[in-house]
Amino acid sequence: MSPRQRRVLELVLDNLVWFMLLAVLAIFSALIPNYFQPGIFANIVEQSSVLGVMSIGLALVVISGHIDLSVESVAALSAMVIGILFASSGIGLGLTLTPGWLVVPVSLLLGLLVGGAIGALNGFLVVKVKMNAFIVTLASFIWVRGLVVAVSGGRSAQNLADEVRWLAIQRVLGIPITAYIAILCFIGFSFMMATTRFGRHLLLIGGNQAAAFRAGIKVDKVLIIAFVLAGSVAALAGWLLAIRTSGATANLGAGMLFNAFAAVVIGGVSLKGGVGSLPGVYAGVLLLSSINTAINLMGLPAHYTQVIHGLLVLAAVLLDTFKQTIRKRLA
């Protein structure tokens with residue numbers, strides 16, 4: 001194989017999910033009436049915002065060689081805290097700040113603190129106490145969701161302050177500001193992973209934790225930061241979800257964990273750790289949203305979505321194995 005062919009093959013392997021996304025969009029546009037139009041594509045980007053942000057935090061932990069099952073519940077708790085404090089109906093206390101725009105940074109900060117605290121607890125138990133990450137975060141998934149139900153009494157908080165809702169209502173080029181926030185998160189975290197010492201160390205730890213430790217990398221510190229970031233980013237997803245729904249319910253975000261895992265795996269992040277990129281994860285999120293939109297336009301039952309997502313995850317795992325085999329031959 002010539003050097004040029006090798007470079008082309010590596011480019012295809014690194015960006016396979018983007019080629020899949022373009023192929024799916026082209027097929028749907030050709031076969032489904034009314035699919036190929038700006039409004040549909042804007043809706044795909046909008047529907048990807050909350051799931052996309054949640055997938056970022058999950059991807060960081062998976063790249064490090066661990067797992068975090070708590071992100072869905074953390075997002076729900078963040079949304080409920082914000083709803084209780086700043087919503088005016090249901091169980092909302094309707095707190096007001098002067099000037100009114102302060103509710104945006106204050107609510108965001110509170111959500112991030114909630115998520116960061118749970119992430120720090122998960123990281124401490126996994127890294128310092130040496131507990132299994134699957135068990136720790138599964139327990140957090142359960143008790144945090146239980147806390148959401150406990151603090152809400154099973155009721156909802158609705159009608160968030162207009163200053164917060166403005167972010168979901170205001171649109172630029174047909175896309176709400178919340179979607180731009182998600183895109184900026186992907187750009188920022190992708191830059192962090194590609195250019196900072198933390199990003200490089202996270203990949204090295206995921207590839208071989210023992211070797212990273214022998215190389216002088218502060219493994220425990222990096223892993224705890226990864227869990228804190230995962231919790232904080234999940235809380236940001238909950239904040240965006242609360243803005244979109246103008247409040248919170250006890251079952252808010254239920255089922256998003258599987259979709260986040262699907263996006264991460266489809267996006268090329270290896271469950272073995274050490275391999276993956278956040279732009280690929282965003283492509284995975286857009287791919288799932290594109291398929292959901294197509295199913296809705298065709299009027300198919302909702303359970304077809306789960307079937308297709310499950311098959312996509314299986315295909316993504318098989319592709320990951322296939323890509324690793326090719327890379328070994330190229331090495």
Checklist entry - OG/S88 to CG/N159 distance, rounded to the nearest 0.5 angstrom? => result 4.5 Å
Checklist entry - Would you say L31 has more than 12 foreign heavy atoms packed within less than 6.0 Å of its CG? => result yes
Checklist entry - What's the shortest heavy-atom distance between S78 and A235, and which atoms? => result OG-O, 3.0 Å
Next on the checklist: If I take atom CZ from residue F227 and atom CD1 from residue I118, how far apart are they, to the nearest 0.5 angstrom?
Outcome noted: 13.5 Å
Checklist entry - Between L112 and V233, is a side-chain contact (heavy atoms from CB on, under 4.5 Å) present by the stated rule, with each step listed? => result CA-CA 7 Å; L112 294 178; V233 175; over 6 Å; no
Checklist entry - With a 4.5 Å limit on heavy-atom distance, are the side chains of L147 and M80 in contact? => result no
Checklist entry - Between N122 and S140, do the side chains contain an N or O donor and an N or O acceptor separated by less than 3.5 Å? => result yes
Checklist entry - Are side-chain heavy atoms of I67 and F261 found at a separation under 4.5 Å? => result yes
Checklist entry - Would you call V228 and I225 a side-chain contact if the rule is heavy atoms closer than 4.5 Å? => result no
Checklist entry - Mind checking whether L229 and F198 have side chains closer than 4.5 Å, heavy atoms only? => result yes
Checklist entry - So which heavy atom on L241 is nearest to which on M256, and how close? => result CD2-SD, 4.3 Å
Next on the checklist: Quick check on the 6.0 Å ring-centre criterion: do F36 and F41 meet it?
Outcome noted: yes
Item to check | Heavy-atom pair with the smallest gap, counting every atom of A42 and I175 | outcome: CB-CG1, 3.9 Å
Checklist entry - What is the distance from atom OG1 of T96 to atom CZ of F86, rounded to the nearest 0.5 Å? => result 9.5 Å
Next on the checklist: If hydrophobic clusters are built by linking Ile, Leu, Val, Met, Phe, Trp and Tyr wherever their side-chain heavy atoms come under 4.5 Å apart, do M20 and L288 end up in the same one?
Outcome noted: yes
Checklist outcome for this item: Closest non-hydrogen contact found for Y35 with S29 is CD2-OG, 3.7 Å
Checklist outcome for this item: In short, V275 meets I63 closest at the heavy-atom pair O-CG1, 4.2 Å
Checklist entry - With a 4.5 Å heavy-atom cut-off, do Q209 and H66 have their side chains touching? => result yes
Item to check | Within-4.5 Å side-chain heavy-atom neighbours: M192 and L60 | outcome: yes
Item to check | F213 CZ: over 12 foreign heavy atoms closer than 6.0 Å | outcome: no
Item to check | Ring geometry between Y282 and F186 (parallel below 30°, tilted from 30 to 60°, perpendicular above 60°) | outcome: tilted
Item to check | hydrophobic_cluster_shared for V172 and I183, side chain cutoff 4.5 Å | outcome: yes
Next on the checklist: Other residues, nucleotides and ligands only: do more than 12 of their heavy atoms fall within 6.0 Å of CG on N296?
Outcome noted: yes
Checklist entry - Is it true that atom CZ of F19 has more than 12 heavy atoms of other residues, nucleotides or ligands lying nearer than 6.0 Å? => result yes
Item to check | Any L257 side-chain heavy atom under 4.5 Å of L69 side chain | outcome: yes
Checklist entry - Are any side-chain N or O atoms of N251 and backbone N or O atoms of A254, one a donor and one an acceptor, separated by less than 3.5 Å? => result no
Item to check | Sidechain-backbone polar pair: R171 side chain, I177 backbone, donor-acceptor under 3.5 Å | outcome: no
Checklist outcome for this item: When I91, T249, V149 are each screened for side chain to side chain contact (heavy atoms under 4.5 Å, CB included) with R155, the one that passes is I91
Checklist entry - How many angstroms lie between CD1 in I44 and OG in S290, if you round to the nearest 0.5 Å? => result 4.0 Å
Checklist entry - Any donor and acceptor pair, going by atom type alone, linking the side chain of E72 with main-chain N or O of G255 inside 3.5 Å? => result yes
Next on the checklist: Do V144 and S70 make a side-chain contact, defined as non-hydrogen atoms from C-beta onward lying under 4.5 Å apart?
Outcome noted: no
